[in-house]
There are 2 protein chains.
Amino acid sequence: MVRWKPGAQQRLHAAAMDLYAERGFEQTTAADIAQSVGLTERTFFRYFVDKREVLFAGQEAFQQVFVDGVAAAPEDASALDAVASALQAAASFFPDDRRTHSRRRQAIIVANPSLHERELLKMAWLSAAIAEALRRRGIAEPQATLAAETGVTVFGVSYRQWLAEGEERSLAAIEDDVLREVRALSSSTV
Amino acid sequence: MVRWKPGAQQRLHAAAMDLYAERGFEQTTAADIAQSVGLTERTFFRYFVDKREVLFAGQEAFQQVFVDGVAAAPEDASALDAVASALQAAASFFPDDRRTHSRRRQAIIVANPSLHERELLKMAWLSAAIAEALRRRGIAEPQATLAAETGVTVFGVSYRQWLAEGEERSLAAIEDDVLREVRALSSSTV
DNA sequence: GTCTATAGTGCGATAGAC
DNA sequence: GTCTATCGCACTATAGAC
């Protein structure tokens with residue numbers, strides 16, 4: 001009789017997603033999740049600092065793609081161009097065959113304000129990381145922060161559109177359009 | 001002997017701010033706050049849906065100033081111009097004699113991630129309200145959302161600068177500068 | 001106003017991997 | 001033997017239900 005099977009974190013993650021989707025986030029206790037994969041509540045909290053964090057596993061890798069994308073932009077690129085480069089890099093994180101999974105995850109999040117909060121916090125961290133990457137390129141404040149937050153805004157609007165019912169364009173294509181809209185915002189005549 | 005003094009909500013608010021500042025948000029229980037003004041924990045939760053909400057009382061009025069500011073912009077103003085008008089209106093919410101109080105409040109918030117989360121949620125609501133006001137002006141999506149989020153970004157950057165040590169300019173003056181920077185972002189040559 | 005479920009923490013014990 | 005994943009138990013505070 002084995003005391004523990006490997007992959008506890010991933011089993012917990014999968015079970016949590018299923019239960020959150022089935023009966024809702026608040027109606028699912030940490031003990032429910034743990035029990036459903038043969039572990040205890042205490043072990044659940046070893047792997048996830050709280051119940052919400054399950055839905056945001058993989059954030060670091062996601063963020064790193066943005067940071068690397070900024071770093072990879074041509075040396076003479078403007079702040080917004082470097083951000084555009086990062087957005088394209090990040091789109092590879094969401095190939096079209098992940099759309100169904102992403103929709104399922106997003107449905108869980110929008111159904112619960114506290115999960116929405118957590119998502120916003122993660123986006124704020126992403127923004128801070130991008131701003132830092134821009135500063136490493138020599139871009140000063142407040143331009144670094146403004147460009148980073150604009151990038152996160154573009155990502156957010158694009159991502160939601162990517163998940164919209166009936167939408168079939170790739171995330172990269174949508175980002176392109178949205179970025180064009182953002183650039184046009186400022187140049188509107190007064 | 002009076003059974004209860006008036007102004008329970010305000011006394012709770014003041015007591016919470018003091019205790020959060022003194023010993024930290026997590027080290028302060030709802031019972032502590034209530035007891036310090038002669039009320040019970042149960043009463044605290046009558047006035048504030050949760051412990052964090054105390055720091056965000058007055059959000060509705062704040063948000064309304066933005067919405068009204070958007071509505072008050074000249075009819076032919078662009079989306080970003082309407083947002084600029086809202087930003088100027090909102091600055092009146094933060095006269096210089098409130099800077100000390102705002103600094104104190106912000107210190108509490110940045111010291112605690114869960115408060116930061118709540119603040120981000122409030123900013124997201126603000127953004128949604130501004131976008132809605134822009135749509136009422138006939139601005140379509142995604143421009144309405146992009147302009148609204150840009151406005152909130154400008155507000156956030158400006159507000160933090162307004163609170164920065166040594167800063168003496170008014171919030172309105174800072175917003176002007178930051179808005180200029182945002183407009184310049186998109187027009188940088190490639 | 002009371003009662004209760006549950007999130008989340010701290011610490012120590014235990015069982016297996018190596 | 002060490003190292004580490006897991007568990008057990010006691011506990012506090014939040015928040016909601018009754």
Side-chain angles (χ1 to χ4, degrees), chain A residues 1-57 59 108-109 111-122, chain B residues 1-5 8-9 11-13 15-57 59 108-109 111-122:
Chain A
M1 181 66 187
V2 288
R3 181 170 163 87
W4 45 270
K5 296 189 223 165
Q9 182 159 4
Q10 307 201 352
R11 284 182 296 136
L12 284 167
H13 175 85
M17 289 289 287
D18 287 346
L19 290 172
Y20 291 170
E22 262 174 49
R23 56 171 100 152
F25 175 76
E26 288 192 343
Q27 283 63 50
T28 307
T29 71
D32 289 339
I33 299 164
Q35 199 178 14
S36 81
V37 294
L39 294 169
T40 67
E41 185 188 47
R42 197 68 192 78
T43 303
F44 176 88
F45 286 113
R46 269 184 93 65
Y47 287 104
F48 301 101
V49 294
D50 63 40
K51 260 178 74 182
R52 291 179 279 166
E53 205 57 25
V54 181
L55 283 149
F56 301 92
Q59 161 85 8
I108 297 170
I109 292 173
N112 187 284
S114 81
L115 290 173
H116 187 193
E117 278 189 339
R118 180 56 56 87
E119 185 179 45
L120 292 166
L121 185 63
K122 297 295 183 174
Chain B
M1 182 70 185
V2 289
R3 185 174 163 85
W4 48 267
K5 295 186 226 166
Q9 182 160 3
R11 284 184 295 135
L12 284 167
H13 175 85
M17 289 287 287
D18 287 346
L19 290 171
Y20 290 170
E22 261 174 50
R23 55 171 100 151
F25 175 77
E26 288 192 343
Q27 284 65 49
T28 306
T29 71
D32 290 338
I33 300 165
Q35 199 179 14
S36 81
V37 294
L39 296 170
T40 67
E41 183 186 53
R42 189 68 187 77
T43 306
F44 176 88
F45 286 112
R46 265 175 117 56
Y47 288 104
F48 302 101
V49 295
D50 63 40
K51 255 180 77 181
R52 291 180 279 166
E53 205 58 26
V54 181
L55 284 150
F56 300 91
Q59 161 85 7
I108 296 169
I109 292 173
N112 188 283
S114 81
L115 291 172
H116 188 192
E117 278 188 339
R118 180 56 54 87
E119 185 179 45
L120 291 166
L121 185 63
K122 297 295 183 174

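In what follows, every heavy atom counts, from backbone to side chain, and hydrogens, waters and symmetry copies are set aside.
Across D:dA15, D:dT6, C:dA7, the shortest atom-to-atom separation from the side chain of A:Y47 is found for D:dT6. Ranking C:dA7, D:dT14, D:dG8 by closeness to the A:T40 side chain, first place goes to D:dG8.
With hydrogens and angles disregarded, a donor-acceptor distance shorter than 3.5 Å links the side chain of A:Q59 to the backbone of A:K122. When atom types are taken as modelled, the side chain of B:H116 and the backbone of B:I109 share no donor-acceptor pair closer than 3.5 angstrom. Side chain of B:R11 to main chain of B:V37: a donor-acceptor pair is present (N/O by atom type, distance under 3.5 Å, no hydrogens or angles).
Residue B:T43 is classed as having no contact, given no heavy-atom separation below 4.0 Å to the nucleic acid. Here A:T28 lies in heavy-atom contact (under 4.0 Å) with sugar-phosphate atoms only. Residue-level contact check: A:E41 touches the backbone only, with heavy atoms under 4.0 Å from sugar-phosphate atoms and none from bases. Across all strands, A:A8 comes closer than 4.0 Å only to sugar-phosphate atoms, never to a base (heavy-atom distances). Within the nucleic acid shown, A:F44 has no heavy atom closer than 4.0 Å to any nucleic acid atom.
The base of C:dG10 sits within donor-acceptor range of the side chain of A:R42, with an N or O pair under 3.5 Å.
Taking all atoms of both residues into account, the shortest heavy-atom contact from A:R52 to A:F25 is CG-CZ, 3.5 Å.
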